[in-house]
Amino acid sequence: MPEPGSLVDRHVGFVQALREAGLPVSVSEGLDAARALAVIDLRERESLRAAYAATLVKKPAYRPGFDVLFDLWFPPSTSGTRAQRAEDPAVDLAEAPVEELRDRLAELLAEGTEAELREFAQAMVERFGRQPATPGRQSWFSYGVLRALSPETLMARILQQALAGRERGGLAEKTVRQRVTTGIRRFEEAVAADVRRRIAEDSGVERIARSTVRPPLDQIDFLRLTKADLARLRREVYPLARRLAARLTIKHRKGRRGRLDFRRTVRASLQSGGVPLTTHFRPPRPHKPELVVLCDTSDSVSSFAHFTLLLTYALREQFTRVRAFGFVDTVDEITRFFQPGADVVEAMTRLANEADMVRFGRTNYGHALERFAERYGDAVGPKTSLLILGDARSNYQPPALGTLRALASRARHAYWLNPEPRAQWDTGDSVAGDYAAVVPMHECRNVAQLTAFIEAIA
């Protein structure tokens with residue numbers, strides 16, 4: 001880590017690191033944070049953290065990444081200052097047998113404070129975290145610490161000591177288990193934080209910041225989603241489905257009037273000698289629109305396809321009728337796999353094994369659109385919103401623009417969501433520009449852009 005400059009330099013670097021990690025921080029918010037520093041005690045590190053969090057963090061989902069970067073840019077200590085603290089209890093632990101260290105960790109997990117646990121974690125990283133350095137590789141790891149102390153194996157010992165003479169399985173045991181589980185997680189986080197700090201000292205804080213912090217969930221590219229990301233996104237899908245349904249319903253009602261209200265019209269005409277100068281209409285009956293989802297399920301957009309299938313599953317509860325179709329180089333209706341009450345993971349597994357969406361395994365939008373119009377063309381009508389999801393890369397096959405134009409003309413609304421960056425449209429085998437001339441195409445790489453699309457169509 002380079003020598004710390006002025007507080008202004010560190011502030012500017014920290015704010016820039018937040019932006020690079022995907023946290024939206026405007027110039028005015030950065031200035032607000034700088035003003036907040038003038039009214040707090042800078043010697044109180046947690047006050048500094050709270051001031052930055054209050055001015056820069058907009059959502060709870062952004063907080064984990066913020067905390068990691070804060071610990072890198074404003075570490076609780078450095079290796080040099082720790083070496084000068086002769087009274088530091090960690091020095092006494094440098095030569096203690098491992099079993100004594102495990103006993104000490106068990107005490108801290110049961111009754112230790114946050115500061116004591118953090119100090120112990122730093123000492124253990126100093127003792128067990130260093131690995132033989134090799135050119136171009138980091139020399140600090142959490143694995144050595146956790147392997148040496150095995151904190152997860154201390155539960156039985158702690159329970160035996162804490163519940164001596166008391167009945168097992170009751171409230172007391174549950175309380176101790178919860179406290180120890182929380183302590184183990186805090187210890188592991190403290191070890192990981194100190195490892196990151198030491199790597200930053202060796203390699204530079206900017207480098208470790210870029211490689212350590214993942215973007216917030218709503219900023220993660222759909223094409224790079226992991227299984228863990230998809231599991232977390234399930235909680236985001238249902239609010240988005242409700243908002244999308246509401247927006248499409250508003251679009252459906254816009255400019256539409258109900259039937260003529262004859263009685264009110266005649267009553268109003270009495271004021272003009274029986275001439276119906278003003279006509280009155282009944283309000284249109286509220287109803288949910290119909291939705292047809294056409295989704296590219298090829299390997300090139302597999303993560304995006306998984307997310308869109310989650311969205312389709314959630315949309316089934318919001319619309320009068322939802323029909324979903326998947327395609328690679330031919331098309332099949334996949335609505336049957338997403339019946340109400342079905343497990344979404346099981347549904348996607350069945351879809352992959354049973355759906356007829358592949359002939360030769362190479363994406364062919366033109367053939368898929370033609371087969372859709374031939375087999376399922378009646379699914380699109382004047383009450384239908386057509387939603388197409390895919391990257392518009394058709395392996396240099398004919399795009400069947402006429403077929404798409406006919407489908408879009410029959411639908412009440414048609415939208416295309418493309419998971420690729422706009423700069424990559426019309427490169428290689430992409431025909432995004434041709435399709436966008438027929439159906440409005442929106443870049444949709446993450447949840448934030450999907451949310452913006454939903455707001456834009458209102």
Tell me, yes or no, whether the heavy-atom count around [X] atom [atom1], taken from other residues, nucleotides or ligands under 6.0 Å, exceeds 12.
X	atom1	result
Glu46	CD	yes
Lys59	NZ	no
Arg422	CZ	yes

When rounded to the nearest 0.5 angstrom, what distance separates [atom1] in [X] from [atom2] in [Y]?
X	Y	atom1	atom2	result
Ile158	Glu107	CD1	CD	9.5 Å
Arg445	Gln424	CZ	CD	8.0 Å
Leu386	Leu294	CG	CG	6.5 Å
Glu152	Ile184	CD	CD1	7.0 Å
His442	Gln449	NE2	CD	11.5 Å
Glu455	Arg243	CD	CZ	4.5 Å

State whether the side chain of [X] and the backbone N or O of [Y] hold a donor-acceptor pair below 3.5 Å, judged by distance alone.
X	Y	value
Arg179	Ala110	yes
Thr55	Asp32	no
Trp425	Ser430	no
Asn395	Thr363	yes
Arg127	Ala96	yes
Asp426	Gly433	yes
Trp140	Glu126	no
Glu116	Thr113	yes
Arg393	Ala432	no

[X] versus [Y]: any side-chain heavy-atom pair under 4.5 Å?
X	Y	value
Phe327	Asp296	yes
Leu48	Leu37	yes
Thr181	Met155	yes
Met124	Val191	no
Asp429	Ser394	no
Leu223	Asp391	no
Asp103	Arg157	yes
Leu69	Leu23	no

Applying ring pair (Phe, Tyr, Trp, His ring centres under 6.0 Å), name anything that partners Phe222, two or more places apart in sequence or on another chain. Phe304, Phe307
Could you go through the side chain to side chain contact (heavy atoms under 4.5 Å, CB included) check for Asp221 and Asn446 one step at a time? CA-CA 5 Å; Asp221 197 315; Asn446 50 49; 5.9 Å; no
Presence of salt bridge, [Y] and [X], under 4.0 angstrom:
X	Y	answer
Glu173	Arg177	yes
Glu119	Arg104	no
Arg362	Asp329	no
Asp71	Arg49	yes
Arg323	Glu290	no

If you look at every heavy atom in [X] and [Y], which pair is closest and at what distance?
X	Y	result
Cys444	Leu417	CB-CB, 3.9 Å
Ala379	Thr384	O-OG1, 3.5 Å
Pro419	Gly390	CD-O, 3.4 Å
Val380	Ala411	CG1-CB, 3.6 Å
Pro75	Arg45	C-NE, 3.6 Å
Asn418	Ala392	ND2-CB, 4.3 Å

Report the C-alpha separation of Thr451 and Leu240 in whole Å, then their side-chain angles, then the decisive distance to 0.1 Å, and conclude whether the side chain to side chain contact (heavy atoms under 4.5 Å, CB included) test is met. CA-CA 7 Å; Thr451 303; Leu240 287 172; 3.3 Å; yes
Check the orientation of Trp416 and Tyr365. Use parallel for under 30°, tilted for 30 to 60°, and perpendicular for over 60°.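 Correct class here is parallel.
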By the ring pair (Phe, Tyr, Trp, His ring centres under 6.0 Å) test, which pairs, at least two apart or in different chains, include something from residues 35-65? His11-Tyr52, Phe14-Tyr52, Tyr52-Phe74
Step-by-step side chain to side chain contact (heavy atoms under 4.5 Å, CB included) determination, Ile388 to Leu404: CA-CA 10 Å; Ile388 304 175; Leu404 178 62; 3.6 Å; yes
Can you name the one residue among Leu389, Ile334, Leu387 that meets side-chain contact (heavy atoms from CB on, under 4.5 Å) with Cys295? Leu389
What verdict does the side chain to side chain contact (heavy atoms under 4.5 Å, CB included) test give for Leu450 and Leu311, after you've listed the backbone C-alpha separation in whole Å, the side-chain angles of each residue and the deciding distance to 0.1 Å? CA-CA 11 Å; Leu450 178 58; Leu311 181 62; 4.3 Å; yes
Taking only residues two or more places apart in sequence or in another chain, which ones pass side chain to side chain contact (heavy atoms under 4.5 Å, CB included) with Glu189? Arg185
Under a 3.5 Å threshold, yes or no: a donor from one side chain and an acceptor from the other, between Ser26 and Arg19? no
